[in-house]
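Presented below is the structure to which this report refers.
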Amino acid sequence: MSTNRQAASTSKWRAPLIFAVLAVLFILEGTVRNAMFSGSWNTSLGILNMGLISAITALGVNMQWGYAGLFNVGVVGFLALGGLAPVLVSTQPVAGAWQAGGARVLFALAVGLGTLALAIQAWKRLRSGRGLAVLAILIAGFVIYRWLFDPAVQAIESNSPARHGNIGGLGLPVLLSWVVGGVFAAAAAWGVGKVALGLRSDYLAIATLGIGEIIVAVLKNEDWLARGVKNVTAIPRPVPYEIELQQNPDFQSFANSLSMSTAEASGVWVKICYMSLFLVVLLAIILLAELALKSPWGRMMRAIRDNEVAAEAMGKDVTARHLQVFILGSAVIGVAGAMMITQDGLMAPVGYQPLRYTFLIWVMVVVGGSGNNWGAVLGAVLIWFLWIKAEVWGPALIALLTSPLPDGGLKAHLMDSAAHMRFIAMGLVLLLVLRFAPRGLVPEE
Amino acid sequence: MIRVEDLHRHFGGFRAVDGASLTIGEGSITGLIGPNGAGKSTLFNVIAGVLPPTSGKVYMDGEDITGLPPHQLFRRGLLRTFQLAHEFASMTVRENLMMVPGGQTGETIWKTWFQRGQIRREEDQLGKRADEVLEFLTIRHLAHEKAGNLSGGQKKLLELGRTMMVDAKVVFLDEVGAGVNRTLLGTIGDAIVRLNKERGYTFCVIEHDMDFIGKLCDPVIVMAEGRVLAEGSAADIMQNEEVIEAYLGTGLKNKDMVGA
Amino acid sequence: EDIKMGMSLGFTGPLESMAPAMRDGAQLAMKEVSDSGLLLDGSTVTPVEGDSTCADAAAATATVERLITAEGVKGIVGGMCSGETIATLENVAKPNGVVMISPSATSPALSTIDDNGLFFRTSPSDARQGEVMANIIMEKGIDTVAVTYTNNDYGKGLADSFQAAFEEKGGTVTVSSAHDDGKADYSAEVAALASAGGDALVVAGYVDQGGSGVVRAALDTGAFDTFVFPDGMIGNALVENFGSEIDGSFGQNPAAEGEGRDKYIEMAKEAGFDGSNVFSAESYDAAALMLLAMAAAGSSDPGVYKDKIMDIANEPGEKIMPGELAKAIEILNDGGEVDYVGATSVEFIEPGESAGVYREVSFNNGEMEIVGYR
Amino acid sequence: MSDADKALGTRGNRDASVVNPRPAGTFDGSRRSGAVGPGRPDDPFLIGENMSGGYGRGPDILHNCTIAVEKGEIAVIVGPNGAGKSTAMKAIFGMLELREGSVRLDGRDITALNPQDRVKAGMGFVPQVNNIFPSMSCEENLEMGAFIRDDDFTDTMTQVFDLFPILKEKRRQAAGEFSGGQRQQLAVGRALMTRPSLLMLDEPTAGVSPIVMDELFDRIIAIARGGLPILMVEQNAKQAMAIADKAYVLVQGANAHTGSGKELMENDEVRRTFLGG
Amino acid sequence: MDILNALVAFLNFVFIPAAAYGAQLALGALGVTLIYGILRFSNFAHGDTMAFGTAVTILTTWGLQSMGVTLGPLPTALLALPIGIAGTAIIVLLTDRAVYRFYRIKKAPPIILVMASVGVMFLMNGLTRLLIGVDEQRFADGARFVIDVRSFREMTGLQEGLALKTTQVLTIVVAVLVVWALFWFLNRTKSGKAMRAYSDNEDLALLSGIDPEKVVRLTWIIAAGLATIAGVLYGLDKAFKPFNYFQILLPIFAAAIVGGLGNPLGAIAGGFVVAFSEVAVTYPWLKVAGYLFPAWQPDGLLQLLGTEYKFAVSFVILIVVLLFKPTGLFGGRSV
Ligand SMILES: Nc1ncnc2c1ncn2[C@@H]1O[C@H](COP(=O)(O)OP(=O)(O)OP(=O)(O)O)[C@@H](O)[C@H]1O
Ligand SMILES: Nc1ncnc2c1ncn2[C@@H]1O[C@H](COP(=O)(O)OP(=O)(O)OP(=O)(O)O)[C@@H](O)[C@H]1O
Ligand SMILES: [Mg+2]
Ligand SMILES: [Mg+2]
């Protein structure tokens with residue numbers, strides 16, 4: 001019903017142009033040293049790598065929102081769940097942890113899930129008195145679960161608590177954990193989707209908001225799983241360590257030939273390795289997504305997003321489709337979460353803040369142009385670049401703004417608060433981009 | 001074909017459909033008329049699975065289809081249009097039609113990665129079919145317009161067009177005529193008859209235009225206050241005192257004031 | 001030479017209210033050295049700040065990456081929180097061979113990290129504080145307490161080590177439950193703590209965070225009236241917030257006997273900030289240690305001066321108080337030895353962290369009184 | 001707004017979400033009015049003259065289209081679907097920017113006025129779709145019709161209730177729960193509440209039953225004879241032509257035929273191509 | 001069996017705090033819901049608007065206090081409230097002018113407005129910090145307690161104490177008043193009805209002669225009022241710290257959603273549901289059970305789940321509530 005939804009076609013060159021601008025920004029960041037840029041390839045590539053991870057996250061969100069209009073406000077949770085995978089898959093096994101209670105924990109979890117399944121079945125099958133029956137099943141299940149679970153957890157957690165106290169990993173290659181991260185997130189999405197999809201759409205909002213909080217809370221508090229807030233460090237890498245490179249004579253001469261210091265060269269090299277890995281994942285996901293989007297599948301999704309009632313009447317199983325994209329999108333987010341933890345080498349659940357991992361990702365998707373994969377990628381890399389640079393640009397901006405002021409209390413106060421300019425700068429950028437490209441940098445065609 | 005038994009649908013205390021029983025015969029074009037608020041659209045929505053009934057049953061070909069979701073009914077060949085058009089606003093008119101047929105290869109996500117050729121062939125065929133339908137509805141020139149930008153009547157046509165994209169068994173039309181140009185409505189009427197004769201579609205049509213009903217429908221069912229008031233051929237119905245009083249009326253009273 | 005020193009602190013994010021005083025502390029030391037004109041033939045020291053956000057490892061990594069590879073800092077005061085510190089140390093500082101001295105990351109995990117001798121901290125590991133606190137409580141004749149801790153590695157680590165020590169001494173911890181910082185409401189936490197009961201409540205949190213929220217709610221509902229405050233809670237804000245409501249409570253924080261701390265607070269006052277803020281003094285010491293080590297090594301190369309830090313921090317040598325950095329450099333330039341005492345009585349134990357001398361305080365008549373040191 | 005909301009109740013993903021799915025309005029309510037100019041001598045009461053324009057940046061829909069109505073008259077616009085009838089109505093009401101042409105009412109040039117001010121100038125309009133406030137009760141809908149009136153409007157409301165008894169019956173019910181025809185009656189009722197000096201109706205009888213349609217037409221005739229000019233779009237050509245003092249056939253945004261209702265009805269070609277039968 | 005003590009313990013630790021917290025959430029959710037209903041987007045800047053309004057109020061309060069103006073047993077902040085509201089109203093109107101209006105005119109999809117509000121959130125957040133700093137600020141004065149624990153014990157001779165803070169009573173009283181006033185305004189006055197009409201159908205509102213800009217302005221002013229009141233009450237009862245006001249956004253949204261976004265009644269109910277589920281589900285029943293069945297000595301705390309999961313629990317409860325009451329607590333009706 002909107003009059004002005006004119007097919008205001010955007011130029012074909014827009015996306016390549018913005019990509020070029022971004023590339024220039026990163027090159028400047030890598031080469032030029034001044035108040036604005038750092039002139040270090042390490043910084044530049046470091047930002048780019050995290051930008052690529054954000055881009056994959058944004059792709060996941062874009063699948064859910066852009067293709068299907070599903071509002072996921074629990075991005076942080078799926079990211080965190082993905083991040084659990086490297087810990088469980090690739091860190092070294094903890095001696096004695098499994099013996100202490102690994103099997104019992106698994107069994108307890110199975111009992112827990114079984115209880116839920118049983119309760120659901122009972123609810124569906126029974127006619128009379130099902131409320132009571134379900135309640136009885138749940139209570140009995142909960143008691144058995146806690147009876148099995150608590151001692152096992154205690155045993156695991158008291159297994160050298162200062163260094164471990166967790167169940168440990170399997171010692172498998174860390175790249176495998178990226179897939180597993182996706183699977184974890186997909187499984188959670190399946191559960192959430194089963195409950196919330198097909199009902200009113202605010203259910204999804206609240207369910208995702210909830211699952212986000214719940215997953216982070218579990219990661220923080222279940223020490224046996226990933227040491228909780230005590231953090232897991234030294235997660236293995238799929239790429240070489242800088243220190244090793246620095247000690248490698250071949251690499252030293254290689255660095256010399258580039259007239260870089262070994263330390264710098266090793267940093268750059270490692271980051272390029274990461275970048276290649278991330279790019280492969282990113283491009284593979286985009287390729288698959290684009291293929292799907294440009295087919296009847298994509299058309300069907302758009303139809304569903306436009307008008308669910310009509311789509312349903314035209315024989316499309318809206319709920320099933322919603323579940324499908326929700327799971328796919330979450331899986332992609334999960335992969336990104338695993339990649340992020342791999343790159344950080346650290347699993348610190350306290351870091352999973354909704355502001356950073358839900359809101360900022362949303363900003364990326366919308367700034368990029370929701371519904372458009374390339375847009376999401378662009379938005380993600382750009383916003384991440386700005387988010388990092390705002391740390392420097394914000395205070396620079398305030399210095400510039402206050403330069404005409406006389407020295408004194410006000411100026412000092414403002415300079416003192418310069419760090420908060422990070423927020424203001426970020427806000428301004430966001431508003432400006434939205435202002436001049438209200439449908440995103442690369443709108444959906 | 002479709003049998004409705006003692007169907008009730010209440011909203012709070014209000015009985016929108018209040019014990020309606022009717023049959024729609026195979027191969028018929030059944031008209032459904034009745035005063036505003038008689039419960040016709042509500043009845044449609046219950047049959048089409050959009051609203052759960054308060055009580056009562058709906059059968060299709062003897063099978064109980066009460067409460068099945070719309071997409072399953074679609075698979076059984078039951079299609080419907082909406083009284084207020086439900087277009088896919090941000091898609092083109094052609095896409096609006098092409099998305100309709102079910103079971104497209106390209107609707108399975110992993111097949112879109114591996115069976116490109118097959119999908120392309122299907123798309124070509126669908127496209128052709130869509131063009132035919134558009135031609136028929138006189139809106140071929142709008143094929144690439146966004147459906148949201150259509151005029152009120154054009155949206156109604158699109159609504160009808162979608163039902164022509166697949167081989168339906170039974171089609172429920174909720175006031176296709178409202179807002180459609182009468183000349184075009186005539187054409188639509190012809191099309192309905194043709195679909196009915198040539199492809200054996202069964203139709204159930206809600207309409208307030210008595211000329212249209214009269215030309216097309218047999219039998220005609222009259223609803224009032226949630227129940228079936230009368231049933232019979234169009235000619236009979238138009239003579240029925242009760243129907244005239246509740247629904248048809250006796251024409252303009254202020255006619256004499258026209259043309260001052 | 002112009003020596004750049006980085007400060008990677010959480011100027012935005014959950015601990016943002018602590019960061020400015022820490023920055024000011026570190027800057028004070030740098031300015032002192034720079035003004036003396038004695039370091040490495042009259043080198044100047046320029047502070048460069050970076051926002052580590054405390055919570056976001058990726059942003060912190062990017063910040064430290066910038067500090068090191070772009071700004072070329074020779075050492076970093078930071079990080080602020082343990083998780084972020086580990087990430088930046090592993091991913092940036094270690095590969096680039098830059099020294100980091102954290103004033104505030106107290107997680108026991110940092111004791112065992114493989115750091116190539118690059119990481120130090122001027123605060124003790126929480127493992128030690130737990131023990132000290134257990135002793136103090138026991139001596140007061142209290143043997144059942146409830147514990148609430150801020151839900152991060154600091155709080156959890158401290159709570160765990162305290163509980164172990166306390167129970168070993170025969171005390172009972174009725175409940176040890178976490179509170180998340182920055183939450184809207186702590187009624188549930190306090191209700192749980194009150195229900196578990198105990199003669200005192202140990203609040204292993206931050207004074208300008210959930211810690212105060214919990215104390216507030218506990219006081220208002222009358223759940224507890226004696227509190228035990230570890231380092232994160234000790235600060236002027238505590239007295240300002242609660243005045244005489246917390247009379248009878250007590251606590252401890254790492255700070256050594258002697259005039260060092262008082263002197264620092266005075267210096268800070270002159271410089272226009274509150275030196276008694278949490279970890280402000282530790283920040284001063286962190287910066288001072290690096291600069292003195294440079295003087296001792298005769299080089300600002302972190303790969304060289306890192307080995308001097310332990311020497312500077314510990315005996316033998318002339319004791320150095322805050323404000324005496326110039327004197328120390330002079331001694332070092334002349335080839336002498338110093339034992340840096342600083343604002344927090346720095347004494348390093350392997351693997352490069354503060355040994356942990358604690359100051360015991362108690363609250364009476366709305367004021368904080370120093371009881372003793374241990 | 002659509003009968004989906006009313007029909008679907010609680011099932012399906014279509015209620016409020018964090019992102020409000022309800023369609024926003026379609027035109028800019030913040031536009032300020034320009035100055036009112038003088039009319040021309042011999043103008044009819046309302047005239048939209050030589051109007052050309054389209055939606056947004058899209059192509060022109062109207063091409064030099066002229067519509068006029070005199071006091072006491074009923075003017076009817078007919079034409080094929082998509083001819084631009086509704087567009088012409090919107091143009092007259094200022095909901096569309098005109099590239100050329102002017103709109104003059106009662107001796108004044110109101111081309112520059114925004115819709116709100118046209119309401120204040122005495123124009124009343126019933127759009128073709130979205131013409132009620134779905135979550136407000138029937139009675140409140142009517143009250144909103146009288147929004148610009150400061151006097152006591154209970155009389156007018158009684159009149160509307162007399163005209164459409166079903167509205168009185170359902171006065172406390174939310175309008176969104178109304179059936180299609182009931183909505184249409186309410187929409188017309190709402191416009192009547194304004195006590196306009198000109199009434200514009202876009203397909204007022206779409207979806208109403210024959211008996212109500214007759215009532216409606218009766219009422220329209222009576223209103224018109226009371227001096228209130230009426231401009232309406234109708235697809236129900238037979239009835240509409242019978243009561244039209246003046247009729248316009250629009251084709252592709254331009255005037256194709258103009259004349260009295262009778263004349264056009266008697267023109268065979270017009271009848272066959274545009275009026276149906 | 002000691003029912004009185006059990007009851008008092010329950011009231012003191014669960015009921016009273018949860019009721020006050022619920023009222024605070026409800027007021028916040030009301031603002032979110034109002035903007036959602038009328039301006040059609042979820043305003044993520046609401047938490048920071050609350051912070052800003054509170055900051056202005058605090059500055060004013062300090063001014064008043066330094067002039068020696070007080071309100072006796074009531075907090076001085078109440079006197080400063082109108083100025084806080086006015087300041088906030090000016091700021092939000094300016095933001096509307098500079099930011100939202102553009103999209104409104106462009107008819108941008110609501111998600112764009114949501115994201116713009118995220119931008120505004122960042123700005124507002126920075127602004128508040130510039131204005132008042134990041135530290136915790138105290139501005140409560142007047143009498144702290146209506147009844148405090150000690151005097152309650154003395155009065156009743158019960159073992160358990162009961163505290164009732166002035167701010168808690170104030171919160172609840174003000175919340176009730178504000179909600180009543182808002183309802184009266186929306187349902188009885190012409191401007192209120194105009195707002196609802198605009199929320200229902202913008203185009204038609206225009207065709208009825210309603211000035212949309214006026215409606216928008218009014219909405220923002222009311223929202224600013226609600227935000228400031230909610231923020232100040234929250235700050236009085238707990239503490240003022242800008243960062244916390246961002247954190248409170250999450251429960252506020254949860255509350256608004258359970259109640260059905262766009263529905264004022266729902267927002268209020270939602271606030272209480274969230275607050276009570278947070279506090280009650282994680283409550284250890286040990287103490288209460290101890291009074292009721294003195295002979296029973298359970299070895300646990302009788303706590304269903306640790307308080308670490310309080311937020312999670314409240315979400316699970318919300319979802320269960322929604323599953324059994326699919327129309328939301330109060331149907332899907334919008335403002
Ligand atoms: N969701 C609802 N809540 C309450 N009443 C409703 C609801 N939906 C419909 N009704 C009422 O049910 C009655 C039947 O409505 P319905 O739409 O079926 O009528 P109809 O026969 O299709 O009329 P029309 O010819 O005007 O389209 C009407 O009186 C309407 O007000
Ligand atoms: N919002 C819009 N944006 C762009 N084009 C539009 C819009 N609305 C209508 N159009 C186009 O303008 C043309 C005229 O539309 P209009 O609604 O005026 O037709 P109409 O004569 O009222 O037809 P109907 O009898 O079907 O209601 C149509 O071709 C339509 O595609
Ligand atoms: Mg109907
Ligand atoms: Mg039209």
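Below, read A as the first sequence line, B as the second, and so on, with proteins coming before strands; counting in each chain starts at 1. Just so we're clear, the structure is a prediction, and the values are computed from it rather than from any experiment.
- Ranked by non-hydrogen atom pairs under 4.5 Å with chain A, the options C/Ala164, C/Ser161, C/Gly50 are led by C/Gly50.
- No side-chain heavy atom of A/Arg356 sits less than 4.5 Å from a side-chain heavy atom of C/Thr53.
- In this structure, chain A has heavy atoms under 4.5 Å from both the backbone and the side chain of C/Glu71.
- Nearest heavy-atom pair across A/Trp384 and C/Ala59 is CH2-N, 4.2 Å.
- The CD atom of C/Glu90 sits 9.5 Å away from atom CD1 of A/Ile243, with the distance rounded to the nearest 0.5 Å.
- For A/Val270, no part lies near chain C; criterion is any non-hydrogen pair under 4.5 Å.
- Counting heavy atoms from C-beta outward, C/Asp153 and A/Val350 have side chains that stay 4.5 Å or more apart.
- Interface remark: of the candidates A/Gln353, A/Glu29, A/Arg33, A/Arg33 forms the most heavy-atom pairs closer than 4.5 Å to chain C.
- Taking each heavy atom of A/Gln246 and C/Pro95 in turn, the nearest pair found is NE2-O, 2.5 Å.
- The existence of a salt bridge linking A/Lys271 and C/Glu65 is confirmed by a sub-4.0 Å separation between a basic side-chain nitrogen and an acidic carboxylate oxygen.
- The part of C/Asp160 that comes within reach of chain A is its side chain, from C-beta onward, which places non-hydrogen atoms under 4.5 angstrom from that chain.
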Intermediate values then yes/no, side-chain contact (heavy atoms from CB on, under 4.5 Å), C/Thr61 and A/Gln343: CA-CA 11 Å; C/Thr61 307; A/Gln343 192 194 235; over 6 Å; no
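- More than 12 heavy-atom neighbours from other residues, nucleotides or ligands sit within 6.0 angstrom of CD on C/Glu167.
- Heavy atoms closer than 4.5 Å to chain A are found in both the backbone and the side chain of C/Thr63.
- No part of A/Phe37 comes within reach of chain C, as not one of its non-hydrogen atoms sits under 4.5 angstrom from that chain.
- Once rounded to the nearest 0.5 Å, the distance linking CD1 of C/Ile68 with CG of A/Asn42 reads 9.5 Å.
- Minimum interatomic distance between C/Ala70 and A/Ser38 (heavy atoms only, all atoms of both residues): CB-CB, 3.0 Å.
- For the pair C/Arg66 and A/Ile388, the minimum side-chain heavy-atom distance is 4.5 Å or more.
- Within 6.0 Å of atom CH2 in A/Trp393, more than 12 heavy atoms from other residues, nucleotides or ligands are found, so the atom counts as buried in its surroundings.
- Interface remark: C/Asp180 contributes side-chain atoms only to the contact with chain A (heavy atom separation under 4.5 Å).
- Within the 4.5 angstrom heavy-atom criterion, no atom of A/Asn49 approaches chain C.
- Minimum interatomic distance between C/Ala57 and A/Leu346 (heavy atoms only, all atoms of both residues): CB-CD2, 4.4 Å.
- Scanning all heavy atoms of the two residues, the minimum distance from C/Asn91 to A/Asp344 falls at ND2-O, 2.9 Å.
- C/Thr69 places none of its side-chain heavy atoms less than 4.5 Å from the side chain of A/Trp41.
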